[in-house]
Amino acid sequence: MTNEMEQRVEPHNDYFSTQFLLNFAILGTHNITVESSVKDANGIVWKTGPRTTIFVKSLEDPYSQQIRLQQQQAQQPLQQQQQRNAYTRF
């Protein structure tokens, strides 16, 4: 699965910077390719900038992990009760 994000920035004193917040729906290792280009006054894009690939590992944030664990603990008594009922039938 590939997602593309693009942002245009104006250079100041021959430098520019921007930021992206990436949201990963799937936990694990992901590779991210960052590329910069220049767009001239005629609207032509020149791929003159660097292109680099980085690898990141996305983890579950602590709040989501806490909610997931609470939900699992709430379901355990129900599952244990269902197992007891299943065993008593036999």
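Excluded from the calculations below are hydrogen atoms, water molecules and symmetry mates; all remaining heavy atoms, backbone and side chain alike, are included.
In this view, K47 and E35 satisfy the salt bridge (Lys or Arg N to Asp or Glu O under 4.0 Å) rule, not counting sequence neighbours. Scanning for side-chain hydrogen bond (donor to acceptor under 3.5 Å, both in side chains) contacts around T33 gives T53, with sequence neighbours left out. With sequence neighbours excluded, the residues that form a salt bridge (Lys or Arg N to Asp or Glu O under 4.0 Å) with E6 are R8. Listed by chain and residue number, nothing satisfies the side-chain hydrogen bond (donor to acceptor under 3.5 Å, both in side chains) test with T48 (two or more places apart in sequence, or in another chain). Every residue two or more places apart in sequence or in another chain was checked for a side-chain contact (heavy atoms from CB on, under 4.5 Å) with E4, and none qualifies. With sequence neighbours excluded, the residues that form a side-chain hydrogen bond (donor to acceptor under 3.5 Å, both in side chains) with S64 are D61. Residues meeting the side-chain hydrogen bond (donor to acceptor under 3.5 Å, both in side chains) test with S58, sequence neighbours left out: H30.
In terms of hydrophobic clustering, with Ile, Leu, Val, Met, Phe, Trp and Tyr side chains grouped at heavy-atom distances under 4.5 Å, Y63 and L59 are assigned to different clusters. Hydrophobic clustering (side-chain heavy atoms under 4.5 Å, transitive across Ile, Leu, Val, Met, Phe, Trp, Tyr) keeps I32 apart from I26.
Here V45 is tied to no hydrophobic group at all, with no ILVMFWY side chain closer than 4.5 Å.
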Identify every side-chain donor-acceptor pair in residues 11-25 under 3.5 Å, counting partners at least two apart or on other chains, and give the distances.
residue	atom	partner	partner atom	Å
T18	OG1	Q7	OE1	2.6
T18	OG1	Q7	NE2	3.2

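Once rounded to the nearest 0.5 Å, the distance linking CZ of R68 with CD of Q66 reads 11.5 Å.
For the salt bridge (charged side-chain N to carboxylate O under 4.0 Å, His left out) condition, no pair includes a residue of residues 21-32, sequence neighbours left out.
The two residues D40 and N42 have their closest heavy-atom pair at OD1-N, 2.9 Å.
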